[in-house]
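One structure is given here, and the rest of the page talks about it.
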Amino acid sequence: MKAIVKDEPAPGLSLKERPFPQIGDKDLLIKIQKTAICGTDIHLYKWDEWASNTLPVGSIIGHEFLGVVEKVGKDVKGFKEGDRVSGEGHLTCGICRYCLTGQRVLCPNTKGVGVNGDGCFAEYLALPAENAFKMPDKIPDEIATIFDPLGNVVHTALSFDLVGKDVLITGAGPIGLMAIAVAKHAGACNVVISDLNPYRLELAKKFKPTAVVNLKQESVADVAKGLNINSTGFDVCLEMSGSPQALESLGDLTAHGGKIVILGLLPSYAPINWHQVIFKMITIKGIYGREIFNTWFQALHMLQSGLDVSPVITHTFPALEFQKGFDMMLSGNSGKVILDWTI
Ligand code: NAD
Ligand code: ZN
């Protein structure tokens with residue numbers, strides 16, 4: 001089969017022929033239809049320090065996908081050939097105290113599909129059935145393909161009550177963009193998003209936030225003054241940029257009793273004004289991945305009740321032209337990029 005592989009310990013990716021994956025008794029063989037490029041794949045592409053310490057050279061990358069079940073392991077229940085599925089890319093151990101108490105999201109032995117071993121940027125993927133998620137027919141292919149990052153957004157945004165709350169999102173990458181839609185759908189009052197990238201801020205407007213803030217031209221505090229912000233700052237701040245400057249700004253911008261939820265991959269040591277955190281009694285929560293499968297059902301039910309994240313998908317390329325997709329992502333002038341394995 002054809003696969004997109006990190007073939008050498010250097011930047012870039014190659015298209016290679018690989019044997020079909022073997023499945024075990026508890027696995028599904030999935031024929032891939034569409035995949036999406038994640039920021040993680042960009043790290044793997046660039047082969048930065050994290051990537052070179054994480055992905056074994058020779059691995060197929062990718063973890064965001066939609067496919068069809070082609071073969072079912074003999075111990076698998078609940079799936080059959082022809083089922084349309086996406087899947088959770090975090091493989092959990094099944095035996096730790098978290099897995100055994102229904103909190104797979106906290107498993108310390110988590111391994112990533114396409115991150116610690118072979119992934120889904122290929123014609124076929126072998127996946128434990130316990131990680132597969134059946135997609136109702138009504139969910140369009142492209143949206144089904146991005147359930148993993150949508151799940152990151154839903155997990156982050158729904159960590160705290162948003163009804164009637166003023167929400168600040170720092171970072172208008174694909175994740176922050178979808179967060180506008182999710183926060184509004186969940187009942188937020190003002191939703192403000194900041195970035196420095198004009199392309200992304202234009203794209204953000206398609207989600208109709210209360211305001212977009214171009215940090216090169218204005219500050220969030222100044223924009224907030226012109227809005228009907230209910231409290232002493234934003235009730236809930238969603239950090240989705242991975243920028244230390246963004247985190248640092250949140251001490252001032254968060255309301256008394258406010259919440260800061262951090263999904264953006266910050267450096268290990270990023271500053272924040274701890275006096276603000278203490279005296280305003282701010283709650284800070286970190287987010288990793290998705291609750292399996294609570295987040296998946298929350299995302300599904302929000303889509304079924306009218307959530308629309310489709311403007312985040314800006315480009316689709318045939319999978320064999322994957323380089324164009326990576327170039328698009330590397331330029332910063334894209335939302336989500338889809339690779340189509342059916343054309
Ligand atoms: P992205 O890199 O495409 O987007 C980040 C955006 O933040 C960019 O548009 C950038 O211009 C903007 N930005 C940079 N500095 C900023 C600042 N000071 N203020 C506001 N915006 C700023 O990333 P993405 O794919 O949208 O993902 C968002 C973040 O979430 C990344 O850091 C990613 O690594 C992280 N992530 C974490 C998890 C997890 O499980 N914790 C899962 C998925 C993604
Ligand atoms: Zn575990």
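Just so it is clear, the model here is predicted, and its values are computed rather than measured. First listed ligand is number 1; within each ligand, the first listed atom is number 1.
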Numbering as shown, the atoms of ligand 1 that approach [X] to under 4.0 Å (heavy-atom distance):
{"X": "Ser243", "value": "15 (N), 16 (C), 17 (C), 18 (N)"}
{"X": "Ser194", "value": "20 (C), 21 (N)"}
{"X": "Asn152", "value": "40 (O), 42 (C), 43 (C)"}
{"X": "Ile287", "value": "39 (C), 40 (O), 41 (N)"}
{"X": "Leu215", "value": "17 (C), 19 (N), 20 (C)"}
{"X": "Gly264", "value": "29 (C), 30 (O), 32 (O), 35 (C)"}
{"X": "Ala246", "value": "17 (C), 18 (N), 19 (N)"}
{"X": "Ile175", "value": "24 (P), 25 (O), 26 (O), 27 (O), 28 (C)"}

Within the 6.0 Å centroid threshold, strictly below: Phe133 and Phe293: yes
Structural part of Met240 in contact with ligand 1, heavy atom criterion under 4.0 angstrom: backbone
Distance in Å, Asn230 CG paired with Asp166 CG, rounded so as to fall on 0.5 Å steps: 4.5 Å
Heavy-atom side-chain proximity of Leu29 to Phe20 below 4.5 angstrom: no
Close side-chain approach of Met178 to Pro149, heavy-atom, < 4.5 Å: yes
Angle at the Zn ion (ligand 2) (to 10°), with one arm to SG of Cys96 and the other to SG of Cys107: 120°
Backbone or side-chain N or O of Gly289 under 3.5 Å from ligand 1 N or O: yes
Contact check: Leu265 vs ligand 1, nitrogen or oxygen atoms, below 3.5 angstrom: yes
Donor + acceptor pair across side chains of Gln323, Asp327 (<3.5 Å): yes
Polar contact flag, side-chain donor to acceptor under 3.5 angstrom, Thr295-Arg290: no
Aromatic ring pairing His301/Phe297, orientation class (parallel under 30°, perpendicular over 60°, tilted between): tilted
